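Contents: one structure, followed by commentary.
It should be emphasised that the depicted structure is a prediction, and the values quoted were computed from it without experimental measurement.
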Amino acid sequence: MENQPKLTSSKEVIAYLAEKFPLCFTTEGEARPLKIGIFQDVVTRLPEETLFSKTQLRTALRLYTSSWRYLHGLKPNAQRVDLDGADCGVLEEQHVEFARKQLEEAKARVQAQRAAQRKEAGETTANRRPRPAAKKSAPNANSAQPSSRTSSQVKAKPAPVRAETDVKPAKSQPVKATRSASAADIAALKAGQNVQVRAGKSAMDATVLEIAKDGVRVQLASGLAMLVRAEHLQF
């Protein structure tokens, strides 16, 4: 155990718990409701555990119980389970109702974000479409007839000459500079900090869960947790 490297992400902690307690935790499919106080049960069953800290365990459990697949498992008459998979009582109605509302709100936020992204993509496409060329007017039949007036009777007006100083160049719009997150930016991040994750030309609000070796694990407003690279974070 001493030679085994420590776990650095919540995903790794959850995978480890699923390996140690497969009748309680799972990394695939619908998750079963956990016994209230499962955190202390894990600490008691793994008193010599050195692969992760209590803070990491608490963060991993929070991520696990806020995921959509876990909330889907909070159904009427569902049984909570302990580390060995034994039933620990039926879910209370208020917990079932809370999970239902959380799912509805999360799905509504995701749908609104997707609708906004589709609208923005449609507007961008419309702006790029070429405008139809103006129709040329048919020549006037009368204009083809020679004028009866002599050149002495018609005084041509000279075209006004505009000085170069009268022509003002179009002002260029300032472009907001963007940059990818640097190593210093990532090092300064803390769990619970609010950030934005870039997805195409839009950005989604998110909360930092932890700093992993291969990126930053965040939780979107929808409740979905994901690992993103530094260049996808907006500062």
Side-chain angles (χ1 to χ4, degrees), residues 7 9-47 49 51-118 190-197 199 203-210 212 216-228:
L7 307 179
S9 69
S10 294
K11 184 178 180 180
E12 293 175 339
V13 174
I14 293 173
Y16 180 80
L17 293 176
E19 180 181 354
K20 284 285 186 179
F21 310 107
L23 299 179
C24 180
F25 295 95
T26 178
T27 58
E28 297 180 354
E30 189 172 278
R32 302 181 66 184
L34 299 179
K35 170 190 173 183
I36 296 178
I38 200 73
F39 170 82
Q40 189 58 44
D41 289 352
V42 174
V43 174
T44 302
R45 291 283 290 272
L46 302 174
E49 186 58 64
L51 296 181
F52 51 84
S53 65
K54 290 184 178 180
T55 299
Q56 287 178 294
L57 174 61
R58 188 175 288 106
T59 301
L61 289 177
R62 187 181 301 115
L63 175 64
Y64 186 83
T65 56
S66 63
S67 65
W68 284 24
R69 65 190 188 92
Y70 182 84
L71 294 176
H72 273 295
L74 301 183
K75 302 175 181 179
N77 302 321
Q79 287 278 349
R80 291 185 180 273
V81 295
D82 62 11
L83 296 177
D84 299 316
D87 294 341
C88 296
V90 179
L91 279 172
E92 296 182 10
E93 184 178 351
Q94 59 181 353
H95 294 161
V96 176
E97 182 64 17
F98 176 78
R100 184 186 65 80
K101 290 183 178 179
Q102 288 288 97
L103 277 173
E104 288 180 354
E105 293 175 358
K107 291 179 180 179
R109 286 193 295 268
V110 171
Q111 290 176 356
Q113 290 174 353
R114 290 177 178 175
Q117 292 173 0
R118 287 194 296 267
K190 297 181 180 179
Q193 182 176 342
N194 294 328
V195 295
Q196 287 191 324
V197 178
M204 296 179 288
D205 294 331
T207 302
V208 176
L209 294 176
E210 63 178 342
V216 180
R217 186 167 294 278
V218 300
Q219 183 175 358
L220 302 181
S222 64
L224 179 64
M226 60 189 298
L227 182 68
V228 298

Using side chain to side chain donor-acceptor pair (under 3.5 Å) as the criterion, list what pairs up with Lys35, not counting sequence neighbours.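 Here the qualifying residues are Asp41.
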
Glu104: side chain to side chain donor-acceptor pair (under 3.5 Å) partners, not counting sequence neighbours: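 Counting only residues at least two positions away or on another chain, Glu104 forms a side chain to side chain donor-acceptor pair (under 3.5 Å) with Arg100.
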
Tell me which donor-acceptor pairs under 3.5 Å the side chains of residues 76-83 have, and how far apart each pair is, sequence neighbours excluded?
from: Gln79; atom 1: OE1; to: Gly89; atom 2: N; distance (Å): 3.2
from: Arg80; atom 1: NH1; to: Leu34; atom 2: O; distance (Å): 2.6
from: Arg80; atom 1: NH2; to: His95; atom 2: ND1; distance (Å): 3.0
from: Asp82; atom 1: OD1; to: Asp84; atom 2: N; distance (Å): 3.0
from: Asp82; atom 1: OD1; to: Gly85; atom 2: N; distance (Å): 3.0
from: Asp82; atom 1: OD1; to: Ala86; atom 2: N; distance (Å): 2.8

Does any non-hydrogen side-chain atom of [Y] lie less than 4.5 Å from one of [X]?
X      : Y     : value
Leu46  : Phe21 : yes
Lys107 : Trp68 : yes
Leu17  : Leu61 : yes
Leu57  : Phe39 : yes

Donor-acceptor contact present, side-chain Gln56 to main-chain Leu7, <3.5 Å: yes

Under the rule for ring-ring contact (aromatic ring centres under 6.0 Å, His included), what residues qualify as partners of Tyr70, not counting sequence neighbours?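 Once residues adjacent in sequence are excluded, the partners of Tyr70 under the ring-ring contact (aromatic ring centres under 6.0 Å, His included) criterion are Tyr64.
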
For Thr55, enumerate each residue passing the side-chain contact (heavy atoms from CB on, under 4.5 Å) test, keeping only those at least two apart in sequence or located in another chain.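 Applying side-chain contact (heavy atoms from CB on, under 4.5 Å) to Thr55 gives Ser53, Thr59.
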
How close do Pro33 and Leu91 get, counting heavy atoms only, and between which atoms? CG-CD1, 3.8 Å

Salt bridge (charged side-chain N to carboxylate O under 4.0 Å, His left out) partners of residues 85-96, not counting sequence neighbours, each pair once: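 Residue pairs with at least one partner in residues 85-96: Arg32-Asp87.
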
Taking only residues at least two apart or on different chains, which pairs with a member in residues 51-76 satisfy salt bridge (charged side-chain N to carboxylate O under 4.0 Å, His left out)?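 Checked against salt bridge (charged side-chain N to carboxylate O under 4.0 Å, His left out) - neighbours excluded - the pairs reaching residues 51-76 are Glu30-Lys75.
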
Rounded to the nearest 0.5 Å, what separates atom [atom1] in [X] from atom [atom2] in [Y]?
X      : Y      : atom1 : atom2 : answer
Leu63  : Glu210 : CG    : CD    : 8.0 Å
Leu103 : Lys101 : CG    : NZ    : 13.0 Å
Asn194 : Asp205 : CG    : CG    : 7.5 Å

